[in-house]
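Please read all numbers here as calculations on a predicted model, not as lab measurements. In the text below, chain A, chain B and the rest are named by the order of the sequence lines, each starting its count at 1.
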Protein chains: 2
Amino acid sequence: MDSSTEDKIYLAARRIFVLKGMEGARMQEIADEAGMNKALLHYYFRSKENLFKAVFKDIFTKFFSKVKDTLFSNITSKDKLVVFIDSYIDLISSNPYVPQFIINEINRDPKVLKTLMFESGIEPQKILELFFNEVKLENSSEVDSRHIVISLMGMLVFPFVARPLLQMIYFNNDSETYDHFLKERKEVVKNMIFKLIEA
Amino acid sequence: MDSSTEDKIYLAARRIFVLKGMEGARMQEIADEAGMNKALLHYYFRSKENLFKAVFKDIFTKFFSKVKDTLFSNITSKDKLVVFIDSYIDLISSNPYVPQFIINEINRDPKVLKTLMFESGIEPQKILELFFNEVKLENSSEVDSRHIVISLMGMLVFPFVARPLLQMIYFNNDSETYDHFLKERKEVVKNMIFKLIEA
DNA sequence: GCATAAGTTAACCATATGGTTAAACCATAA
DNA sequence: TTATGGTTTAACCATATGGTTAACTTATGC
């Protein structure tokens with residue numbers, strides 16, 4: 001039952017780290033969440049830092065791997081954009097705290113990103129570059145495609161990370177209305193991007 | 001020199017909290033930054049929580065007050081958008097960690113936002129609503145103006161908060177090139193928004 | 001100048017935190 | 001059954017952390 005204990009700890013750690021971040025998470029809290037004795041965290045992962053890195057690496061690579069198949073498929077670049085946007089809104093909707101977790105941690109400790117890119121076979125980087133190329137192929141505007149890509153990312157991520165503020169101010173703090181807004185956003189963001197890339 | 005000591009502590013706290021967040025900041029570190037004995041932090045602000053709230057409130061209200069004069073001026077809505085975008089890219093450029101600080105803290109503790117909105121005379125909310133109205137006036141598209149506003153915010157903020165990742169992947173980790181990209185962005189975001197709001 | 005209030009310091013406090021340790025427990029093989 | 005290796009536990013450890021305290025220093029008012 002070795003991997004079962006390790007998995008339980010990992011899953012608990014993932015949940016707590018995503019919600020609280022490296023600084024806010026407590027080993028005892030993770031142990032409680034896993035239903036394990038705190039010493040086991042050190043037995044299996046040796047330190048808080050190691051545990052965190054395992055979690056961050058997993059989350060980071062999975063976050064960007066979701067569209068790998070899409071990017072390597074034979075559909076048109078335009079259709080890839082569509083699938084990409086749909087996929088990511090769904091993905092973030094079901095893991096709403098993950099973008100904020102990633103952004104917070106890469107700002108808190110930029111070295112974690114460098115280390116990760118070096119260790120992870122550079123796959124997330126490759127995926128982001130492939131994605132960039134798809135956008136570039138479709139971009140008929142005069143604008144540097146990096147502006148398009150980064151704007152698209154901002155449009156996808158921001159409604160989630162800034163949710164507490166935006167929901168309060170523009171949606172009367174009504175969670176259901178905001179959820180509905182997020183669903184609408186699939187079509188809206190697609191239309192926006194296509195508008196931005198046209199000549 | 002009462003206010004001078006208090007100010008020194010406040011300024012130090014602001015710097016450390018913005019960089020480290022509430023969870024990551026240490027009172028001893030703030031005291032060291034201020035060149036003061038740690039007990040003074042409690043003497044003047046009573047607790048870490050109080051000190052943090054003072055800082056957060058100040059930063060939050062100032063962040064949104066920057067365009068107050070613009071919003072109340074007599075220029076056209078379209079020109080207001082232009083000034084708004086210019087102002088915010090400049091503001092964020094000179095305080096690059098502030099958006100991330102705000103986003104992180106409103107996610108870490110959403111109650112801080114509720115309390116703040118109640119205490120601060122609701123000014124940031126009013127400003128965001130006024131801004132929304134200006135966008136709505138200019139929006140000839142079929143799209144709900146909230147989508148436009150939120151997309152604009154995402155476009156303004158995201159390049160800063162995700163800088164470590166974006167710079168590494170799309171800019172060969174060259175800081176100067178990224179800074180140049182950010183400067184370009186003033187014109188680019190304006191053009192993008194005008195494209196999005198046209199019929 | 002004196003009394004008092006406000007500001008400052010160094011030492012201290014109670015608890016939290018990540019981590020360690022030795023013993024107990026469990027599973028398996030001989 | 002015993003030996004062995006792996007897993008788990010409860011207790012413990014050293015340091016960090018936010019906060020307190022009493023003594024000292026400085027500023028202020030009369």
Side-chain angles (χ1 to χ4, degrees), chain A residues 1-59 101 104-112 115-116, chain B residues 1-59 101 104-105 107-109 111-112 115-116:
Chain A
M1 303 304 161
D2 174 336
S3 69
S4 178
T5 300
E6 187 172 337
D7 284 349
K8 279 177 189 167
I9 292 169
Y10 170 77
L11 290 174
R14 193 172 68 184
R15 187 165 170 272
I16 303 290
F17 276 132
V18 166
L19 288 178
K20 304 286 184 75
M22 173 65 181
E23 289 287 343
R26 297 290 173 255
M27 295 295 263
Q28 186 60 57
E29 189 178 13
I30 292 167
D32 292 340
E33 172 87 15
M36 304 281 158
N37 186 294
K38 181 163 66 81
L40 288 184
L41 275 52
H42 298 90
Y43 180 79
Y44 283 97
F45 293 91
R46 182 160 302 143
S47 69
K48 186 182 184 182
E49 180 80 19
N50 270 9
L51 182 55
F52 172 78
K53 280 182 176 168
V55 167
F56 187 78
K57 177 175 175 176
D58 192 42
I59 287 178
F101 168 70
N104 191 47
E105 298 302 331
I106 62 176
N107 278 288
R108 184 185 62 84
D109 181 12
K111 289 192 301 299
V112 75
T115 308
L116 191 56
Chain B
M1 302 302 161
D2 173 336
S3 71
S4 179
T5 301
E6 187 172 338
D7 282 349
K8 279 178 189 166
I9 292 170
Y10 170 77
L11 290 173
R14 193 173 68 183
R15 184 162 172 274
I16 303 289
F17 277 133
V18 166
L19 289 177
K20 303 287 185 75
M22 173 64 179
E23 292 284 348
R26 296 291 173 252
M27 295 294 262
Q28 186 60 58
E29 189 177 14
I30 293 168
D32 292 340
E33 173 87 13
M36 303 283 158
N37 186 293
K38 179 162 67 81
L40 288 184
L41 276 52
H42 298 90
Y43 180 80
Y44 283 96
F45 292 91
R46 184 157 302 144
S47 69
K48 186 182 184 181
E49 181 80 19
N50 271 7
L51 183 56
F52 171 78
K53 280 181 175 169
V55 167
F56 186 79
K57 178 176 176 177
D58 191 43
I59 287 178
F101 167 70
N104 190 47
E105 297 302 331
N107 279 287
R108 183 186 63 86
D109 181 14
K111 290 192 304 295
V112 76
T115 306
L116 192 56

D/dG19, OP1 or OP2 - any side-chain N/O from B/Tyr43 closer than 4.0 Å?
no
Taking the side chain as C-beta and beyond, is there a heavy-atom pair between A/Met22 and B/Glu23 under 4.5 Å?
no
Spacing between B/Asp32 atom CG and D/dG18 atom P, to the nearest angstrom
12 Å
Nearest whole Å is fine: how far is C/dT17 C1' from A/Leu41 CG?
13 Å
Run B/Lys8 and B/Glu33 through salt bridge (charged side-chain N to carboxylate O under 4.0 Å, His left out) and show every step you take.
CA-CA 9 Å; B/Lys8 279 178 189 166; B/Glu33 173 87 13; over 6 Å; no
Find the distance B/Leu51:CG to D/dG18:C1' and express it as a whole number of Å.
12 Å
Among the candidates C/dG18, D/dG19, C/dT8, find the nucleotide nearest to the side-chain atoms of B/Thr5.
C/dT8
Between B/His42 (NE2) and D/dG18 (C1'), how many Å, whole number?
5 Å
Within less than 4.0 Å of OP1 or OP2 of D/dG18, is there a side-chain N or O belonging to B/Arg26?
yes
Taken to the nearest whole Å, CG/B/Asn37 to P/D/dT21 is 16 Å
Is NZ or CZ of B/Arg108 both nearer than 6.0 Å to the six-membered ring centre of B/Phe52 and within 45° of the ring axis?
yes
Among C/dT9, C/dG18, D/dT8, the one nearest any side-chain atom of A/Tyr44 is D/dT8
Pair A/Lys20 + A/Glu29, salt bridge at N-O below 4.0 Å:
yes
Take the protein atom CD of B/Glu23 and the nucleotide atom C1' of D/dA16, then report the distance between them rounded to whole Å.
15 Å
Winner on side-chain proximity to A/Lys38, out of C/dG18, D/dT9, C/dT8, is C/dG18
Could you please name the option among D/dG19, D/dT8, D/dT20 that lies closest to any side-chain atom of B/Lys48?
D/dG19
For A/Gln28 and for B/Gly35, locate the closest nucleotide of DNA chain C by heavy-atom distance; then report the residue assigned to the nucleotide nearer the 5' terminus.
B/Gly35
With no hydrogens and no angle check, do the side chains of B/Tyr10 and B/Asp58 hold a donor and an acceptor under 3.5 Å apart?
yes
So B/Ala31, base contact, sugar-phosphate only, or nothing? Heavy-atom distance under 4.0 Å.
nothing
B/Met27 CE to C/dA16 C1': how many Å, rounded?
16 Å
Whole-Å distance, A/Met22 CE to C/dT17 P, equals 13 Å
